[in-house]
Asks: 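For reference, the structure I am asking about is given below.
Start at 1 with the first residue, then count along the sequence.
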Amino acid sequence: MFDYKGFGERLRQARNKAGYSTTQAANKAYISQSVVSRYESGEVTPTIDRVCALAEIYGCSVDWLCGNNGVPVTMSGEVLGKVVEAVKL
């Protein structure tokens, strides 16, 4: 069974680690601040598209947000691009 409360807590942790307030995160995701708060409280579950968008905004993996991985992945887009290029070599 999916842990909705744990998911919301991971969303909060990822947002805080990324350095965003709920208002800033909402603006980046094109949603209201109250929706971000409701996601984090577990009151509302985001769609998979929204989960993917938030993971990208926060610089973490969807797996981590969903509780499938114990270590969050946090990389800037620039660092991630360099990793991808290095893997191609």
Asks: In Å and rounded to the nearest 0.5 Å, what is the OG1 to CD1 distance from T22 to I31?
Replies: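 Those atoms lie 10.0 Å apart.
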
Asks: When rounded to the nearest 0.5 angstrom, what is the spacing between CD in E9 and CG in L65?
Replies: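 Here the rounded value is 11.5 Å.
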
Asks: Between Y39 and P46, what is the shortest heavy-atom contact and its length?
Replies: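 In this case the closest contact between Y39 and P46 is CZ-CB, 3.5 Å.
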
Asks: My understanding is that only residues two or more places apart in sequence, or in another chain, count here; which of them pass salt bridge (Lys or Arg N to Asp or Glu O under 4.0 Å) with R50?
Replies: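 R50: no salt bridge (Lys or Arg N to Asp or Glu O under 4.0 Å) contacts found.
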
Asks: Would you please name every residue forming a side-chain contact (heavy atoms from CB on, under 4.5 Å) with T23, sequence neighbours left out?
Replies: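 With sequence neighbours excluded, T23 shows a side-chain contact (heavy atoms from CB on, under 4.5 Å) to S21, N27, Q33, given in chain and number order.
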
Asks: Under the side chain to side chain contact (heavy atoms under 4.5 Å, CB included) rule, what do Y20 and Y58 come out as? Steps first, then yes or no, please.
Replies: CA-CA 8 Å; Y20 297 125; Y58 296 157; 4.0 Å; yes

Asks: Can you confirm whether Q13 sits close enough to W64 that some side-chain heavy atom of one is under 4.5 Å from a side-chain heavy atom of the other?
Replies: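 In contact.
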
Asks: To the nearest 0.5 Å, what is the distance between CZ (R10) and SG (C60)?
Replies: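 The SG atom of C60 is 9.5 Å from CZ of R10, to the nearest 0.5 Å.
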
Asks: For V35 and V44: C-alpha separation, side-chain torsions, deciding distance, then whether side chain to side chain contact (heavy atoms under 4.5 Å, CB included) applies.
Replies: CA-CA 8 Å; V35 169; V44 173; 5.7 Å; no

Asks: Out of the candidates E40, K28, Q24, only one should pair with R15 under the side chain to side chain contact (heavy atoms under 4.5 Å, CB included) rule; please name it.
Replies: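 Only one option passes, and that is E40.
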
